[in-house]
Each structure stands twice: as C-alpha cells, then as structure tokens.
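Shown next, in structure tokens, is the structure this report addresses.
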Protein chains: 2
Amino acid sequence: MPSPSKRDQIVDVALDLFYQGGFNATGVDKIALEAGVTKKTLYAHFKSKDELILAVLRRRDEIFRNQFMRNVERLGKNPRQRLEAIFDTLDEWFNGKKFCGCMFINASAEFSDQGNPCHLVCAEHKRLMQEYFRDLAEKAGAQDPDSLSEELMFLAEGATVQAHVCGDKRAGQKAKRMARLFIDSAINLAGA
Amino acid sequence: MPSPSKRDQIVDVALDLFYQGGFNATGVDKIALEAGVTKKTLYAHFKSKDELILAVLRRRDEIFRNQFMRNVERLGKNPRQRLEAIFDTLDEWFNGKKFCGCMFINASAEFSDQGNPCHLVCAEHKRLMQEYFRDLAEKAGAQDPDSLSEELMFLAEGATVQAHVCGDKRAGQKAKRMARLFIDSAINLAGA
DNA sequence: ACCATAGTATACAGACTAGTATACTATGAA
DNA sequence: TTCATAGTATACTAGTCTGTATACTATGGT
C-alpha cells in the first residue's frame, strides 16, 4: 500500500502550487519535482491530475475551516463577539503574505461548469462555512439564524473578492462594520 | 493595415470561449478556428495570447458596463430606485443562460499576481463599477456616496460569488434586501 | 495594369502536457 | 534469507501548446 505520508506530502505541495499558480497552469511534473517524488509515485496515489485536484480541494476545505474556526474562537470570547470575529479573521487572512484569494472561488472560475466535481466541492465548502456561521448565530441568540448566516456569507464573499481583485487590505474591517448592522438588528430584535 | 472588423470578430469569439472555458484552458487554435480565421491573421492583430486576453478583458469591461448601466436605467426610474435596480440587473444576469460568474473575478483567479496586467484591468473594471454606483448614490442624495457605493459593491460581489459558486439563483434579490438597509439609512439620514 | 497587403491554407518548430513503461534499489515482514 | 512492495531514476508516447514560416489568393488603390 502506498504510504499515507507520501500522499500528504504530494497534496501539501500541490495545494501551495495550485493556490499560487492556478490549476490548469500548474503541471504534475512541477508538483512531483517540488514534492521530491517521482511522477510514478504521484500516479500510484492519484489516478489522474483531476483526482489530485479533488484531493487538494478537500484538504484545503478541512485545513481552512479548522483554522478559521480556531481564529474566530481566539478573537471572539462569546458567540455574539465571534460573529464579528469572523471578519477579524478574514482581515488577518487578507493581510497575510500568501493571500491569493479564496481557493474555492478560484477553482470555480477554472471549472466553471456547475456539474464539475471540483465545482461541487467548492459549493460544499461554502455550504459548510455558512453552516458554521449559522451555528454561531444560533448560539448568539439571533432571531433568524438562517437569514443572518446568509447575510454574513454575502459580506464575507464580497470582502474576499475586493481584497483579492482590488487589493483592498481593509476589506475585512469594512465588511465588519457592515456586518454589525445585521448582527445587532438580528440579536436586539430577538431580545425584545 | 489589418482590418478592424476581423479584429473585432476574433475578440468577440475569444471573449465567449475564455468566459466559458477559462483563459489557460482555451487555446488560440480553437479561437482562430471558431472565428473563421487563420492563426496567422490572429497573430497579425495580436502579438501574443496575453495581448489578446488583455483586449478581451478591455472589451468585456466596455460591453458589460454599458449593458449594466442601460439595464439599471431601464429597471429604475430615478436615482434612488436605480440604486436598488443594481441588484435587479444582477438578478437578470445570474439567471441568464450563459452566466459563468464575473469574468474579472475569474481572470483574477487565473492571473493571481496583483502586478499582472490582466489583474490590473480587472481591478480597474471594479473601480469603474464602483464609480458608477457612486454617481447614482450622489444623484440620489446619499449623505456619504463613497461609503454607500463601497457597501453596494461588497454586496454585488458577494451576490455574484454566491450565484456562481453555489448556483444560488436568488442571490440578486437577497442582496437587494440587504442593500435597501444601507440605501435607506444613507438617504434618510441625508434628508433629516 | 500593377503592386502592396490582408487574407487563406498548411506545415512546422520547440516546448510543454498528462500519463505510461522499464529497470533498478531499499526496506520490512514471513 | 527470501520476496513482495514502495519507492527512485529515466525514458518514452502521443498529444497539445504558443508562435512562426512558406506559398498562394483575392482585393483595392494608384
């Protein structure tokens, strides 16, 4: 059986290269070379480049959401604060060195067809992010957690695009100010 | 001198193919073939594929903003209504047959480097869109047109991403409801 | 009528693409 | 010790990529 550690090694390197260089523009030769592995080994773990891309997207989803949730919990002490901390977390991400936009938005751009397996993984990632927002909204006592989480999702996506396309480093804080309006009204309404 | 009509022909076809298939994944052979033109003619008009991509993005900006503004004016009778009509216009776009997301977000995904000429054209397009929003906001009597246009931009981007990645066909109307909050408060405040 | 030129058709160069084949090595378990 | 296997190294196939070269044709201005 091919070793799981080699597999992880390949996925990790592929993740970086795909994120920075794009999916179609990054070749498997380069991935194998940078991962310190031969192409034969790569193809022993993944039967095609498409499968590797899928594995990369699934891993990115796992890593990204874990780190996102950890940072939200670090930056917000209670559920109410954590709803705002979503945007402080985004802010840190946007201002990090290796920010190249959202990998799932980028992948959806290259695999535009809605039925493409890669596109489906992207949609699923967004669904899971929104589900997390919904949990926070519910715990914070929002009147309509579904609506609030959807609203915060729109703002998060908008901020991410502005940060990447226009290089707006303050997009996170701008979205936070907008988000407060929705958070306050959703929670004050519930308390009344 | 190479004929302008042939040039337009090539750009038009390239625009469709790049939009639906992506930039790196679409070859110049296919573009030349579909445009009913030989590669030699294509390279008489554009000295490289990169230049063709730039020409396509500039043309897309021109066409998109013209059509966008026409539709906003059709769907809103006065500046105040037109601010909301931004999102009805998006709604129509999202529900059109050939919707594949925002071409400039897609291009920024493939040409991630902020210094890339293509990326710069994308940023410029976003700036011009926001400028248009600002004009509407000012004419509608908004207290702070800069802030309002920025807020509407975030919502428009968020809606576009949700519509493309998640296939949410109602993203336009959802963003419209959110936008009303900002529009109302910006204009009522000004009237007070 | 002449001639530059904008085009066609086709072939080519050279590099890169995904993916496979062959031969060898090192390692760990029975 | 033996033997399967996970790996390396390297070469290859067959196709596609951008971009160029050669030869021919049609057209419009002088």
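Per chain, numbering begins at 1; letters A, B, ... match sequence-line order. Heavy atoms only: backbone and side chains are in, while hydrogens, waters and symmetry mates are out.
Atom pair B:Asp50:CG and D:dG19:P shows a separation of 7 Å (rounding to whole Å applied). Between the CG atom of A:Asp29 and the P atom of D:dC17 there is a distance of 17 Å, rounded to whole Å. If you measure from atom CG of B:Leu33 to atom C1' of C:dA9, you get 13 Å, rounded to the nearest angstrom. What separates NE2 of A:His45 from C1' of C:dG19 is a distance of 16 Å, to the nearest Å. Taking atom NZ of residue B:Lys49 and atom C1' of nucleotide D:dT20, one finds them 17 Å apart after rounding to whole Å. One can place OH of B:Tyr43 at 18 Å from C1' of D:dT22, the figure rounded to the nearest angstrom. Nucleotide D:dC17 holds its P atom 9 Å from the NZ atom of B:Lys30, rounded to whole Å. Rounded to whole Å, the distance from CZ on B:Arg7 to P on C:dT5 is 20 Å.
Note on A:Lys174 versus A:Asp168: salt bridge recorded, some NZ/NE/NH1/NH2 to OD/OE distance being below 4.0 Å. Between A:Asp88 and A:Lys176 there is a salt bridge, since a side-chain N of the basic residue sits under 4.0 Å from a carboxylate O of the acidic one. A salt bridge links B:Glu84 and B:Arg80; the closest N-O separation between the charged side-chain nitrogens and carboxylate oxygens is under 4.0 Å. Ion pair A:Glu131/A:Arg127 flagged as a salt bridge, since at least one NZ, NE, NH1 or NH2 atom sits closer than 4.0 Å to an Asp/Glu carboxylate oxygen. For the pair A:Glu157 and A:Lys126, the salt-bridge criterion is met [side-chain N within less than 4.0 Å of a carboxylate O].
OP1 and OP2 of D:dT18 both lie 4.0 Å or more from every side-chain N or O belonging to B:Ser48.
In this structure, B:Arg60 forms a cation-pi arrangement with B:Tyr19, its terminal cationic atom sitting closer than 6.0 Å to the ring centre and no more than 45° off the ring axis.
Nearer the 5' end of DNA chain C, as judged by each residue's closest nucleotide, is the contact made by B:Thr38, out of B:Thr38 and A:Gly27.
B:Lys6 comes within contact range of the sugar-phosphate backbone alone, with a heavy-atom separation under 4.0 Å but no base atom that close.
For DNA chain D, no neighbouring residue in residues 12-26 of chain A is found when judged by any heavy atom under 4.0 Å.
Using cut-offs of 30° and 60° for the angle between ring planes, the A:Phe99 and A:Phe94 rings count as tilted.
Applying the 3.5 Å distance criterion, the base of C:dG19 shares a donor-acceptor pair with the side chain of A:Lys39.
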